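Have a look at the structure below, then the notes.
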Amino acid sequence: MKSIEEWFDEYSDSHQNSTNKKIHWVCVPAILFSIIGILAHFSTLLTALLLVLTLVFYARLDIMLAIAMAALLAVMAWLILILPVGVGFYIGVFVIAWIGQFYGHKVEGKKPSFFKDLQFLLIGPVWCMDAYLAKVLPKWKLRQKLALTR
């Protein structure tokens, strides 16, 4: 199994352009949110199972990022439970966010990573979380540098 650093290095190859990165930091969480919303509309149990499996995948890569993703997923699930919107709202968010993603890759001039490996669909959200944590937690970058030297 690839390490988180290997996943991030490979994912970052097609995410160098600052416009594309900014689009991803908005659209990737929006896509994740919309997928959870769509799934939850049909089956809360299936949604919970898929979220747990996703968190297991993340925990095998990096426990701290998995904890951060668990918090994000919990907030998203809570919002989905309290928002008075139907499945059409989540489908709309999904479509608009994917349009943004493909526009970002057009600007970048490179294909999305998931065309190479579908597992990158799971890496995108954790890559965004890592970038967010590096911005808000000054010691996060140091922790990542220490992990790379092991």
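All values derive from a computational prediction rather than experimental measurement.
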Legend entry - Partner set under ring-ring contact (aromatic ring centres under 6.0 Å, His included) for Phe115, not counting sequence neighbours: none

Inset, instruction - Under the ring-ring contact (aromatic ring centres under 6.0 Å, His included) rule, collect the residues that match up with Phe89, sequence neighbours excluded. - result: none

Legend entry - Results of salt bridge (Lys or Arg N to Asp or Glu O under 4.0 Å) for Glu10 - residues two or more places apart only: Lys2, Lys116

Legend entry - Tyr58 side chain vs Leu122 backbone, donor-acceptor pair below 3.5 Å: yes

Point-to-point distance, once rounded to the nearest 0.5 Å, from [atom1] of [X] to [atom2] of [Y]:
X: Ile23; Y: Ile99; atom1: CD1; atom2: CD1; answer: 12.0 Å
X: Leu118; Y: Ile123; atom1: CG; atom2: CD1; answer: 12.0 Å
X: Asp130; Y: Met69; atom1: CG; atom2: CE; answer: 11.0 Å
X: His41; Y: Ile80; atom1: NE2; atom2: CD1; answer: 12.5 Å

Inset, instruction - Enumerate the residue pairs fulfilling side-chain hydrogen bond (donor to acceptor under 3.5 Å, both in side chains) with a member in residues 20-33, sequence neighbours excluded, ordered by first and then second residue. - result: His15-His24, Asn20-His24, Asn20-Glu108, His24-Gln101, His24-His105

Inset, instruction - Check whether Phe94 and Val87 end up in the same hydrophobic cluster, where Ile, Leu, Val, Met, Phe, Trp and Tyr are linked by side-chain heavy atoms less than 4.5 Å apart. - result: yes

Legend entry - Sequence-distant partners of Ser113, side chain to side chain donor-acceptor pair (under 3.5 Å), two or more places apart: Ser14

Between side-chain atoms of residues 29-38 and protein atoms elsewhere (two or more places apart, or another chain), which donor-acceptor pairs fall under 3.5 Å?
residue: Ser34; atom: OG; partner: Ala30; partner atom: O; Å: 3.3
residue: Ser34; atom: OG; partner: Ile31; partner atom: O; Å: 2.8

Inset, instruction - For the residue pair Leu137 and Lys139, establish whether any side-chain heavy-atom pair is separated by less than 4.5 Å. - result: no

